[in-house]
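Keep in mind that what you see is a predicted model, and the values were worked out from it rather than measured.
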Amino acid sequence: MRMKEISLRQDPDLRKELALLARGCDFVLPSRFKKRLKAFQQGQQPYISPTMSPVANGYYFCLFQQAQAKKEEPVTPALSESIPKFYFPRGQPQANINIDNLISKIEKIFSQFPDERVTLKDMGLVAKVSACECPLYWKAPLFHAAGGDRRGHVSVHKFVAMWRKVLQTCHDDASKFLHLLAKPGCNYLEQEDFIPFLQDVVDSHTGLAFLKEASDFHSRYITTVVQRIFYNVNRSWTGKITCSELRKSSFLQNVALLEEEEEINQLTEFFSYEHFYVIYCKFWELDTDHDLYIDQRDLMRHNDQAISHRMTERLFSGAVTRKVHKEGRLSYADFVWFLISEEDKKTETSIEYWFRCMDLDGDGVLSMYELEYFYQEQSQKLEAMAIEPLPFEDCLCQMLDMVKPEIPGKISLRDLKRCKLSHIFFDTFFNIEKYLDHEQKDPLLAARDAETVGQEISDWERYAAEEYDNLVAEETCVEQEVDQSCSPGSDNQGLRVYRYAPPTAGYQTVNQQSDEDLFSKTDCAGPVYLSV
């Protein structure tokens, strides 16, 4: 018997199968091992075969005992389970927040109103209560999210149900604001989502009181502000503002400032009426038929044809617009993006805007061929002005030295964003007037300006302030001409005429005349007759 056990241990086939069984391998075994493997994997009682030697049966019994011991041992948590949660797309939840206590405060506020119903006008009191702690101009989003737009008022039950859900799912201002404005089931904001909010700003902000009766300009102002919001906030160019983009921007801080700042023109990033006035007037000058669309010939007249024809073609190709409208025309909303990008080429959005236009093949880099394509027209314009142009090879050397691209011979978007003189680069290839201004400017002064980027007002703010002063001066001249032509007893006495839109100072109401007398017959508002 002793000799038989030793021979079994030395049997190479049996030892190999036992070793594989110990490692839990799954393979086709002889029939005598199948039952043992199944019992071992399921943790049942070991099957003792009378045909096997005591050594083999004893080995299987030991494996069974080890498996049972492992089952009884507590399983230590995996390393990934011990890592605390760090991603909070809707904001990090606050500890020890008592939602029921906050709801009771809201119910107390509603009890002060008849039938516990609140209108949009009174929603500001609810927004400012400690249970909400929202800026004043969140009142319209709160009102509409609770269903107030359907009945003209919000009941306490509707509001409490809405706000309880917000508190449970949204844990910072960005996620709350997006939840209030977005369509049901959407986790992003589109352009039309901002309209009720901005309409309330127009109707209730003291800095826009003069515009209250000029309703034709409400949509123009709202369109301008919406485009500026997406220009600055929607960094992904998707047309959909996400919670992350809203959180990274300064938009919500500007919304909070609406309550504190009575002068709307101080909020230059989004809400300035003066900036809207400048943009709208520039568009009105180009839109000769006043149908709110411009074609390539109209845009070529901007700034005395400073923009090259080849760049104008690229603007109408759809490179930087959601869609090119019928018959290859651009809308007023597209013009807002164009004008801001044209007058301030130092911002990230404007650099992306013009880079897309110059990237003819869409490969993500500007090749030497593409640069030469745009520079050829610049050279022709300089020759027509009796100015000897710089050879392209020399101009290219200057641009490469200025940008310092990572890949020789290819300029990427990252290279231009890193370069502090991107505005000079772009003007060199498609804006002849600004190119000449840069050429006549002291290089040391230009380098000093590059070092102070971000420390003073932007190029756009400087341009808008200068243009607004010029436009108001023009309106003053028109007003004087009208006053001189109006006799004391005429129907026009006491009226002021504005070709574009009312300036911000001193004009309160629209004279109640017929629409034919007050506004042009087109959809665009102008000219406007405002009473003193």
Check your understanding: Looking at side-chain heavy atoms only, is the closest gap between Val226 and Val336 below 4.5 Å?
Key -> no
Exercise for review: Find the distance between CG (Asp334) and CG (Leu339) and round it off to the nearest 0.5 Å.
Suggested key: 13.0 Å
Review point. Do Ser308 and Thr312 touch side chain to side chain, with heavy atoms closer than 4.5 Å?
Key: no
Exercise for review: Report, as yes or no, whether the 6.0 Å neighbourhood of atom CD on Glu192 holds more than 12 heavy atoms from other residues, nucleotides or ligands.
Suggested key: yes
Point to revise | Qualifying residue for side-chain contact (heavy atoms from CB on, under 4.5 Å) with His275, from Glu467, Glu269, Arg228 | key: Arg228
Check your understanding: Is there side-chain contact between Met311 and Glu377, with heavy atoms separated by less than 4.5 Å?
Key -> no
Point to revise | Nearest-0.5 Å distance that lies between atom CD in Glu259 and atom NE2 in His205 | key: 9.5 Å
Review point. Which residue, Asp415, Val320, Leu366, forms the side-chain contact (heavy atoms from CB on, under 4.5 Å) with Phe355?
Key: Leu366
Check your understanding: Counting only N and O atoms by type, is there a donor-acceptor contact under 3.5 Å from the side chain of Arg247 to the main-chain atoms of Pro89?
Key -> yes
Exercise for review: Could you tell me whether Glu245 and Lys240 have a side-chain N and a carboxylate O separated by less than 4.0 Å?
Suggested key: no
Practice item. Check the side chains of Asp427 and His438 for a donor-acceptor pair under 3.5 angstrom, ignoring hydrogens and angles. Key: yes
Review point. What orientation do Tyr353 and Trp237 show, parallel under 30°, tilted 30 to 60°, or perpendicular over 60°?
Key: tilted
Check your understanding: For the rings on Phe210 and Phe217, is their centre-to-centre separation under 6.0 Å?
Key -> no
**Study point:** Whether Phe276 and Tyr280 hold their rings parallel, tilted or perpendicular, with breakpoints at 30° and 60°
**Key:** parallel
Exercise for review: Show your reasoning for whether side-chain hydrogen bond (donor to acceptor under 3.5 Å, both in side chains) applies to Ser236 and Thr238.
Suggested key: CA-CA 5 Å; Ser236 61; Thr238 59; 3.1 Å; yes
Review point. If we only count heavy atoms from C-beta on, is the Tyr293 to Leu330 side-chain gap below 4.5 Å?
Key: no
Review point. Regarding Tyr277 and Ser272, is there a side-chain donor-to-acceptor distance under 3.5 Å anywhere?
Key: no
Point to revise | Backbone of Arg90 reached by a side-chain donor or acceptor of Ser175 within 3.5 Å | key: yes
Check your understanding: Any chance the side chains of Glu474 and Asn470 put a donor and an acceptor closer than 3.5 Å?
Key -> no
Review point. What distance separates Lys139 NZ from Leu120 CG, expressed to the nearest 0.5 Å?
Key: 5.0 Å
Point to revise | Residue pair Met402 / Cys419, side-chain heavy-atom distance below 4.5 Å | key: yes
Point to revise | Aromatic ring proximity, centroids under 6.0 angstrom, Phe270 and Phe251 | key: yes
Check your understanding: Looking at side-chain heavy atoms only, is the closest gap between Trp138 and Cys132 below 4.5 Å?
Key -> no
Review point. Judged by atom type as modelled, is there a donor-acceptor pair below 3.5 Å linking the side chain of Lys404 to the main-chain atoms of Asp401?
Key: yes
Review point. Do you see a donor-acceptor pair shorter than 3.5 Å between the side chains of Ser458 and Tyr463?
Key: no
Practice item. Taking the side chain as every heavy atom from C-beta outward, state whether Ile411 and Leu416 have any pair of such atoms under 4.5 Å apart. Key: yes
Exercise for review: Side-chain contact test, heavy atoms from C-beta onward, threshold under 4.5 Å: evaluate it for Ile264 versus Leu258 and give yes or no.
Suggested key: yes
Check your understanding: In this structure, which one of Val255, Asp193, Asp200, Leu181 forms a side-chain contact (heavy atoms from CB on, under 4.5 Å) with Pro141?
Key -> Leu181
**Study point:** Reported SG-to-CG distance for the pair Cys357 and Leu315, which is rounded to 0.5 angstrom
**Key:** 4.5 Å
Review point. Can a cation-pi geometry be assigned to Arg310 and Tyr373, taking NZ or CZ under 6.0 Å from the six-membered ring centre and within 45° of the ring axis?
Key: yes
Point to revise | With sequence neighbours excluded, residues passing side-chain hydrogen bond (donor to acceptor under 3.5 Å, both in side chains) with Asp359 | key: none
Practice item. Measure the spacing between CD1 of Ile294 and CH2 of Trp284 and express it to the nearest 0.5 Å. Key: 14.0 Å
Distance-only criterion, 3.5 Å: show the donor-acceptor pairs between side-chain atoms of residues 428-435 and protein atoms not counting sequence neighbours.
{"unit_1": "Thr428", "atom_1": "OG1", "unit_2": "Ile424", "atom_2": "O", "d": "2.6"}
{"unit_1": "Asn431", "atom_1": "OD1", "unit_2": "Glu433", "atom_2": "N", "d": "3.4"}
{"unit_1": "Asn431", "atom_1": "OD1", "unit_2": "Lys434", "atom_2": "N", "d": "3.1"}
{"unit_1": "Asn431", "atom_1": "ND2", "unit_2": "Glu342", "atom_2": "OE2", "d": "2.5"}
{"unit_1": "Lys434", "atom_1": "NZ", "unit_2": "Glu342", "atom_2": "O", "d": "2.8"}
{"unit_1": "Lys434", "atom_1": "NZ", "unit_2": "Glu342", "atom_2": "OE2", "d": "3.4"}
{"unit_1": "Lys434", "atom_1": "NZ", "unit_2": "Glu343", "atom_2": "OE1", "d": "3.2"}

Review point. Can you tell me how far the CG atom of Leu189 sits from the CD1 atom of Ile241, to the nearest 0.5 Å?
Key: 6.0 Å
Side-chain donor-acceptor distances from residues 296-305 under 3.5 Å, at least two apart:
{"unit_1": "Asp298", "atom_1": "OD2", "unit_2": "Asp295", "atom_2": "N", "d": "3.2"}
{"unit_1": "Arg301", "atom_1": "NH2", "unit_2": "Leu286", "atom_2": "O", "d": "2.6"}

